[in-house]
Amino acid sequence: MITINQLKTEIRFDMDSEQGEGIDSREVLRKKAARVLGVNVSEIVDIRILRHSIDARKKPQLFHVYTLGISLRNTGAEEKVIKRCKSQNISRYTQKPYTFAVSEKNELKAPPVIIGMGPAGLFCAYMLAKHGYQPILLERGYDVATRTRDVETFWNEGILNPESNVQFGEGGAGTFSDGKLNTLVKDRNGRNKEVLRILVEFGAPERILYENKPHIGTDILKDVVSGMRSYVIANGGTVRFGAKVTGLETDNGTLNAVIVNDKEYIKTTQAVLAIGHSARDTFAYLDSIHVPMEAKAFAVGMRVEHPQRLINECMYGREHGNALPAAPYKLTAQTTVGRGVYSFCMCPGGYVVNASSEPDCLAVNGMSYSDRGSAKANSAIIVQVFPQDYGADGPLSGVEFQRKLERKAFALGHGKIPVQYYSDFRKNIASVGRSDADEKPCVKGAYRMTNIRGLLPEECEKAFMEGMEQFDRTIPGFAGNQAILSGIESRTSSPVRIHRDENLQCPTIKGLYPCGEGAGYAGGITSAAMDGILIAEVIAGSNSSAQDFALAAKSVK
């Protein structure tokens with residue numbers, strides 16, 4: 001197969017109907033590729049889109065940009081075509097397919113136990129079930145259908161279920177999110193592509209395999225995770241909901257059993273600790289039995305909303321209605337107080353959601369459906385915080401720092417999401433509702449207009465405001481009258497890193513594998529799923545996987 005990089009086609013619009021051409025048809029791409037390669041169209045027998053993005057650098061003139069995989073009828077002629085073209089954008093296709101990296105299968109005394117059913121735990125269970133290990137998957141929350149009902153009850157009636165909410169339950173915290181699938185983790189062995197392939201296998205759209213910034217949406221993700229659960233069960237695995245791991249039993253430093261709901265012992269010598277970034281009670285238990293871990297840096301801030309058309313006009317040069325996808329953005333700033341400020345978990349056409357998981361605490365997140373069809377764009381605008389900011393020592397100091405902020409947010413909103421217009425935030429005055437629907441927040445859950453100045457620590461608040469003003473120079477109106485703040489965004493990543501050794505096990509408990517975002521080794525759906533696959537490889541007998549992933553883990557520090 002031949003790879004063609006940086007193949008561009010202009011995006012054209014019908015200015016009356018505002019309908020764009022969308023992604024080019026295979027026939028259009030086939031003709032374009034034939035011209036680039038200097039071959040007859042009939043010689044091309046297969047064409048694959050390997051990568052797609054939109055180039056808006058010359059806006060309002062916009063381009064599709066493709067990486068294509070081309071197969072010729074005479075495969076022997078492909079090398080001659082590459083040499084004749086003499087272009088850096090034309091080369092032999094060399095992508096390495098993923099293989100489950102096990103040389104000799106481990107024989108386990110008991111089925112491996114996976115604690116947590118977010119992306120890390122679910123993909124680990126999928127791999128182990130696929131290769132005959134009959135894993136036992138334990139989730140403290142409930143199946144995605146029950147969980148969805150519990151979350152909607154919370155949003156509509158304010159009744160929180162501490163074990164079934166936006167943070168806990170089948171699919172993990174990512175289920176009620178935008179479902180972004182991009183990652184900064186290096187992927188030398190194809191785990192990233194394998195994660196995307198598996199998602200498509202269970203119902204995700206094929207475009208996630210090639211889009212530059214793939215996303216899946218919470219509506220599709222729910223069906224995907226339930227499909228993966230069915231696969232695990234059909235291949236010999238066990239899935240249990242309402243099964244909270246409350247203890248570990250060890251024998252001379254080796255795992256012997258996990259304790260469920262304070263009373264049931266499940267014998268195992270291999271357990272994957274994929275608990276997610278909000279399992280604070282489990283962090284406390286691990287600390288009490290002296291599992292090595294440390295407080296780590298993360299970031300806190302506010303959800304910031306704008307009209308989606310404002311973002312579209314800036315990113316695309318003008319609003320194009322439904323002809324183009326809702327535009328995303330990515331922003332970073334350095335401030336005079338020495339803290340970085342950046343956008344995080346940007347949700348085009350999304351909603352701000354109440355993502356609380358503890359009574360009397362309030363945290364927000366962003367969510368969108370697959371169509372990204374709401375009138376608002378939102379993003380977390382967050383400020384770096386470090387262990388020295390937490391006001392205490394110890395591995396759980398970051399957890400307590402989060403709790404203090406969330407309790408303050410709960411009080412400010414009287415139990416509802418506290419909301420303020422940025423123009424009022426700047427003036428330090430309470431906001432009141434506005435009549436224009438375009439100026440109202442797009443929120444899942446009850447909210448209250450108030451004054452949220454003082455919610456962030458003083459230095460973080462100063463950095464936040466500096467960042468907003470800098471971002472306004474990139475996206476005019478970003479710090480304007482239509483910007484709406486909701487607080488507090490405190491669950492950006494785990495405040496804890498659970499140590500693991502060169503074999504990816506807990507240094508003090510052989511057979512216990514800290515995994516995923518909650519353990520501090522991932523930063524989003526895809527990297528958490530990749531870490532779950534990695535741990536499955538190690539449990540199954542891989543000797544090379546731990547070293548292979550050690551450098552990639554640095555990207556989440």
Side-chain angles (χ1 to χ4, degrees), residues 116-122 139-180 215-222 224-226 241-242 244 274-282 300 302-303 344-345 347 350-369 374 378-380 382 399 402-403 405-407 409-410 413 415-419 441-447 486-495 516-518 524-525 528:
M117 205 172 174
L122 189 58
E139 170 54 51
R140 66 188 291 170
Y142 299 104
D143 65 275
V144 74
T146 303
R147 181 187 182 195
T148 297
R149 290 193 293 271
D150 291 339
V151 167
E152 289 177 349
T153 296
F154 174 53
W155 287 341
N156 294 329
E157 303 175 28
I159 302 171
L160 175 67
N161 183 338
E163 299 296 340
S164 182
N165 47 62
V166 170
Q167 307 297 341
F168 298 139
E170 183 177 26
T175 302
F176 294 92
S177 71
D178 183 64
K180 279 173 286 297
H215 79 102
I216 188 170
T218 191
D219 47 337
I220 294 177
L221 194 54
K222 291 175 186 178
V224 169
V225 298
S226 63
F241 297 106
K244 181 178 177 179
I275 55 178
H277 61 38
S278 293
R280 293 166 172 173
D281 47 1
T282 308
V300 297
M302 307 288 184
R303 253 315 129 168
F344 172 80
C345 187
C347 299
Y351 302 84
V352 175
V353 303
N354 191 330
S356 305
S357 61
E358 291 185 341
D360 302 326
C361 291
L362 194 144
V364 296
N365 193 16
M367 184 191 87
S368 70
Y369 298 108
S374 90
N378 73 71
S379 178
I382 51 177
V399 172
Q402 285 179 324
R403 274 199 177 115
L405 296 175
E406 292 171 14
R407 287 171 182 149
F410 185 91
K416 302 175 182 179
I417 297 173
V419 174
C442 198
V443 170
K444 297 283 188 179
Y447 67 89
S486 299
I488 188 165
E489 183 89 19
S490 53
R491 309 284 183 96
T492 55
S493 66
S494 180
E517 188 164 348
I525 292 171

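- With rounding to the nearest 0.5 Å, the separation of OG1 in T492 from CD in Q402 is 7.5 Å.
- Note on residues 146-162: no pairs pass salt bridge (Lys or Arg N to Asp or Glu O under 4.0 Å), not counting sequence neighbours.
- Using modelled atom types, no side-chain atom of S356 and backbone atom of E358 make a donor-acceptor pair closer than 3.5 Å.
- We find the CG-CE distance between D178 and M367 to be 9.5 Å, quoted to the nearest 0.5 Å.
- Side chain of E170 to backbone of D143: no donor-acceptor contact under 3.5 angstrom is found.
- Closest heavy-atom contact between N378 and V352: ND2-N, 3.8 Å.
- At least one side-chain heavy atom of W155 sits under 4.5 Å from a side-chain heavy atom of F176.
- Distance alone, capped at 3.5 Å, is enough to place a donor-acceptor pair between the S494 side chain and the G518 backbone.
- Summarising the geometry of G487 relative to V364, their closest heavy-atom pair is O-CG1, 3.6 Å, with the distance given to 0.1 Å.
- Here the closest non-hydrogen pair linking R303 and F344 is NH2-O, 3.9 Å.
- K444 NZ: more than 12 foreign heavy atoms inside a 6.0 Å radius.
- Looking at heavy atoms from C-beta onward, P418 lies in side-chain contact with L362 at the 4.5 angstrom threshold.
- The side-chain heavy atoms of N354 and Y447, taken from C-beta on, include no pair separated by under 4.5 Å.
- Within the 3.5 Å criterion, the main-chain N or O of M117 finds a donor-acceptor partner in the side chain of E139.
- Atoms OG and CD, from S379 and E489 in turn, are 8.0 Å apart once rounded to the nearest 0.5 Å.
- Contacts of F168 classified as ring-ring contact (aromatic ring centres under 6.0 Å, His included), with partners at least two apart in sequence or in another chain: none.
- For the pair N161 and Y142, the minimum side-chain heavy-atom distance is below 4.5 Å.
- When every heavy atom of A173 is checked against every heavy atom of Q167, the shortest pair comes out as CB-OE1, 3.5 Å.
- The nearest pair of heavy atoms linking G366 to C347 is C-SG, 3.5 Å.
- Side-chain contact between I488 and E406 is present, with heavy atoms from C-beta onward closer than 4.5 Å.
- F410 is not listed as a side-chain neighbour of C361, based on a closest heavy-atom distance of 4.5 Å or more.
- Note: S357 OG to D281 CG = 9.0 Å, rounded to the nearest 0.5 Å.
- Side-chain contact between I525 and S177: present, with at least one pair of heavy atoms (C-beta onward) separated by less than 4.5 Å.
- Within the model, atoms OG of S490 and NE2 of H277 stand 9.0 Å from one another, a figure rounded to the nearest 0.5 Å.
- Across all non-hydrogen atoms, the minimal contact from E517 to S493 is OE2-CA, 3.8 Å.
- Between the CG atom in N165 and the OG1 atom in T153 there is a gap of 12.0 Å [rounded to 0.5 Å].
- A heavy-atom distance below 4.5 Å is found between the side chains of Y369 and T218.
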